[in-house]
Number of protein chains: 2
Amino acid sequence: MMKLVPIAPLDTDPVPDLCRACKARNRGICGALNASQLSELTRRAHRQVVEPGKTLLDAEQPTSNYSNVLAGVVKLSKMLPDGRQQIVGLQFAPDFVGRPFSPESSLKAEAVTSTVLCTFPRQLLERMISESPELEHKLYLQALDELDDARDLLLTLGRKTARERVATFLLMIARHSPHADGNDEGGTGFELPLTRAEIADFLGLTIETVSRQLTKLKGSDVIRVEQNRRIRVPDMELLEAETGD
Amino acid sequence: MMKLVPIAPLDTDPVPDLCRACKARNRGICGALNASQLSELTRRAHRQVVEPGKTLLDAEQPTSNYSNVLAGVVKLSKMLPDGRQQIVGLQFAPDFVGRPFSPESSLKAEAVTSTVLCTFPRQLLERMISESPELEHKLYLQALDELDDARDLLLTLGRKTARERVATFLLMIARHSPHADGNDEGGTGFELPLTRAEIADFLGLTIETVSRQLTKLKGSDVIRVEQNRRIRVPDMELLEAETGD
DNA sequence: TTGCCGCGTTGATCAGGATCAAGCCCCCCT
DNA sequence: AGGGGGGCTTGATCCTGATCAACGCGGCAA
């Protein structure tokens, strides 16, 4: 079930406003907007809470909306005609999701977890970009970061073993985890936002291989699996040593 | 042996000037510069002809120069500590090579073929970016294109078979070939800019597998191997059908 | 001429991960 | 309580691509 609520104007919003938080922390696209742009965005954007599986962008049909991730995780994936699938990127708050200057994006964006989004019309964004070099600069920086991420993943898919891939993935999630608890009860704990099937699609493996490698990492005392989705890493350096880099 | 010659001022250059051609065709970074920026770039940039293997950017040492590819092919690669290597991108003319806003790039850029470059100081570029939104826009567009390329390659590495990978690669090269001759003597012919080892590093395969798959594609009459590096594709649609997408 | 080296091919064998198959656990629905 | 489905694990077997090894070819230097 998806909720669509206009984002309250900045000055009058009675509840903690994620978008304002974004602006204050200079994150997301809001961070790059001037007062009048921000007020226009605030009027025309919607705060959206979507459940896992909800599609934000689709390679097939043109989408007229872009989003900023305010909380949660979004996956970007590509599919072959015969159904084989590859996740080519994960977006965390406060990433921007969209492909400016191109009518259709060739990839699908889908909520992985329950996700809070700030959604706005594509054309509004593109107009704002043309008005605001600072906004474009911000988006450029994010694109460069995504490029770095994609290329790291290329190295992982092209040259790492299954065990190294899984370790690399766990490390990445650990580093993105907001509340990766410190060293209470030994080590760092975090929640996996993806199912095993999604991890497999991200790492270019099968679900069985992912499962087996997790079991083996557990056997080597690199990780503990507290629940299916809850992982604990007693010693982060041990995990890093498993990534191959 | 590398040659370093200042780029001649636009109006006085007696020989065909690749940089001017760039500007005229609105390609490369020159296409986005105003007259005074262009003249400064012309003064401070160097036209460089480098041989295969020459390193332009290195993950290890900080480089103070960026380049535009004017002719030839440049590979971007990442390496694991144990020596495993992955090519994460290929740059063709008139691509920009460099990673603005980040002191070191985590990847290595190396000439694949004999290559003509327009090379200029990193700091000059970054200053020009700050002065010229149009330049940044151009670079942003290239970054988005590179991101699309990287994600296509992710799908290839994560989910395609060896045969599909090789076919995908051949198709990509065919499409980038400037003088892919039409249908004289049947089909399209082109030159592979990469060695078998480089193709393997690009596709996440071994050299032997690449060789075998080429042999098999030849056996299926999808390609003809005229010399080691010279390929002919009798029917492009047959090749496309082999790529998996 | 000889020898060597870089590049590519081909063959034989190996092994890592895919595939096929079964079963567990948990939750939800009836 | 029963049934079903999604998510996950584990076992057995298969197969694609890696590895190991040998060889051909062409260029080049001694």
Side-chain angles (χ1 to χ4, degrees), chain A residues 1 51-53 75 80 82-86 112-114 156-170 191-220 223-231 242 244, chain B residues 51-53 75 80 82-86 110 112-114 156-170 191-220 223-231 242 244:
Chain A
M1 232 36 2
E51 294 311 306
K75 69 179 178 189
L80 257 19
D82 65 5
R84 282 174 288 173
Q85 203 173 10
Q86 177 66 43
V112 168
T113 60
S114 179
T156 298
L157 296 196
R159 292 302 179 204
K160 289 189 186 176
T161 65
R163 173 185 263 245
E164 289 168 339
R165 295 184 202 198
V166 171
T168 302
F169 171 76
L170 291 175
E191 201 79 22
L192 293 181
L194 309 197
T195 66
R196 300 291 189 268
E198 287 168 327
I199 298 173
D201 278 347
F202 184 71
L203 296 176
L205 300 170
T206 60
I207 195 174
E208 295 95 329
T209 299
V210 170
S211 177
R212 276 187 252 268
Q213 295 302 331
L214 285 171
T215 307
K216 286 185 184 172
L217 286 172
K218 189 171 55 177
S220 315
I223 60 172
R224 260 175 289 150
V225 183
E226 308 190 324
Q227 301 148 51
N228 276 348
R229 298 291 201 97
R230 177 139 205 97
I231 304 287
E242 296 286 349
Chain B
E51 293 311 306
K75 69 180 178 188
L80 257 18
D82 66 6
R84 283 174 288 174
Q85 202 172 12
Q86 177 65 44
E110 213 174 329
V112 168
T113 60
S114 179
T156 298
L157 296 195
R159 291 301 179 205
K160 289 189 186 176
T161 65
R163 172 186 262 245
E164 289 168 337
R165 295 185 202 198
V166 171
T168 302
F169 171 77
L170 291 176
E191 201 78 21
L192 293 180
L194 309 196
T195 65
R196 300 293 189 267
E198 287 168 325
I199 298 173
D201 279 348
F202 184 72
L203 296 176
L205 299 171
T206 60
I207 195 174
E208 295 94 331
T209 299
V210 170
S211 178
R212 275 187 252 269
Q213 296 303 330
L214 285 171
T215 306
K216 285 186 185 173
L217 286 172
K218 190 172 51 177
S220 313
I223 60 172
R224 260 176 290 149
V225 183
E226 309 191 323
Q227 300 148 53
N228 276 347
R229 299 291 199 95
R230 177 137 205 98
I231 304 288
E242 295 286 349

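To find a chain, count down the sequence lines: A is the first, B the second, and so on, and within it residues start at 1. Heavy atoms only: backbone and side chains are in, while hydrogens, waters and symmetry mates are out.
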For this session: Could you tell me which non-hydrogen atom of A:Thr113 sits nearest to which non-hydrogen atom of A:Pro193, and how far apart they are?
Result: CG2-CB, 3.6 Å

For this session: Would you confirm whether B:Thr168, through its side chain, and B:Glu164, through its main-chain N or O, come within 3.5 Å as a donor-acceptor pair?
Result: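 Yes, the answer is positive, given that a donor and an acceptor are paired below the 3.5 Å cut-off.
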
Problem set entry | Whether A:Arg229 side chain and A:Glu191 backbone form a donor-acceptor pair below 3.5 Å | no

Using whole Å, report how far [atom1] of [X] lies from [atom2] of [N].
X: B:Gln213; N: D:dG17; atom1: CD; atom2: C1'; answer: 9 Å
X: A:Lys216; N: D:dT9; atom1: NZ; atom2: C1'; answer: 13 Å
X: A:Arg229; N: D:dG6; atom1: CZ; atom2: P; answer: 15 Å
X: B:Asn228; N: D:dG26; atom1: CG; atom2: P; answer: 10 Å

For this session: Only pairs at least two apart or in different chains count here, so list each salt bridge (charged side-chain N to carboxylate O under 4.0 Å, His left out) that has a residue in residues 206-216 of chain A.
Result: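 Counting only pairs at least two positions apart or across chains, no salt bridge (charged side-chain N to carboxylate O under 4.0 Å, His left out) contact touches residues 206-216 of chain A.
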
[atom2] on [Y] to [atom1] on [X], rounded to 0.5 Å:
X: B:Gln85; Y: B:Lys75; atom1: CD; atom2: NZ; value: 6.0 Å
X: A:Thr209; Y: A:Arg165; atom1: OG1; atom2: CZ; value: 9.5 Å
X: A:Leu80; Y: B:Thr156; atom1: CG; atom2: OG1; value: 8.0 Å
X: B:Ile199; Y: B:Leu192; atom1: CD1; atom2: CG; value: 5.0 Å
X: B:Leu203; Y: B:Lys160; atom1: CG; atom2: NZ; value: 9.5 Å
X: A:Leu157; Y: B:Gln86; atom1: CG; atom2: CD; value: 8.5 Å

Exercise. When the nearest nucleotide of DNA chain D is assigned to A:Arg159 and to A:Val210 on a heavy-atom basis, which residue is associated with the more 5' position?
Worked result: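 So the residue in question is A:Val210.
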
Problem set entry | side chain to side chain contact (heavy atoms under 4.5 Å, CB included) between B:Thr161 and B:Gln213, intermediate numbers included | CA-CA 10 Å; B:Thr161 65; B:Gln213 296 303 330; over 6 Å; no

For this session: With sequence neighbours left out, write down each residue that passes salt bridge (charged side-chain N to carboxylate O under 4.0 Å, His left out) with A:Arg159, or none if nothing qualifies.
Result: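 By the salt bridge (charged side-chain N to carboxylate O under 4.0 Å, His left out) rule, A:Arg159 matches B:Asp201.
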
Please tabulate the protein-to-nucleotide N/O contacts below 3.5 Å involving nucleotides 21-25 of chain D, giving atom names and distances.
none

For this session: Could you give me the CA-CA distance, side-chain angles and deciding distance for A:Phe169 and A:Val210, then say whether side chain to side chain contact (heavy atoms under 4.5 Å, CB included) is met?
Result: CA-CA 11 Å; A:Phe169 171 76; A:Val210 170; over 6 Å; no

For this session: Check DNA chain C against residues 195-207 of chain B and give the residues with a non-hydrogen atom under 4.0 Å, in numerical order.
Result: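 Heavy-atom contacts with DNA chain C come from B:Thr195, B:Arg196.
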
Exercise. Residues from residues 161-168 of chain B sitting under 4.0 Å of DNA chain D, heavy atoms only?
Worked result: B:Thr161, B:Ala162

Exercise. Can you find a side chain N or O atom of A:Thr215 that sits less than 4.0 Å from OP1 or OP2 on D:dT9?
Worked result: no

Exercise. Contact boundaries of DNA chain C with chain B (under 4.0 Å, heavy atoms), 5' to 3'?
Worked result: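 Reading along DNA chain C, I get C:dG8 to C:dA12.
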
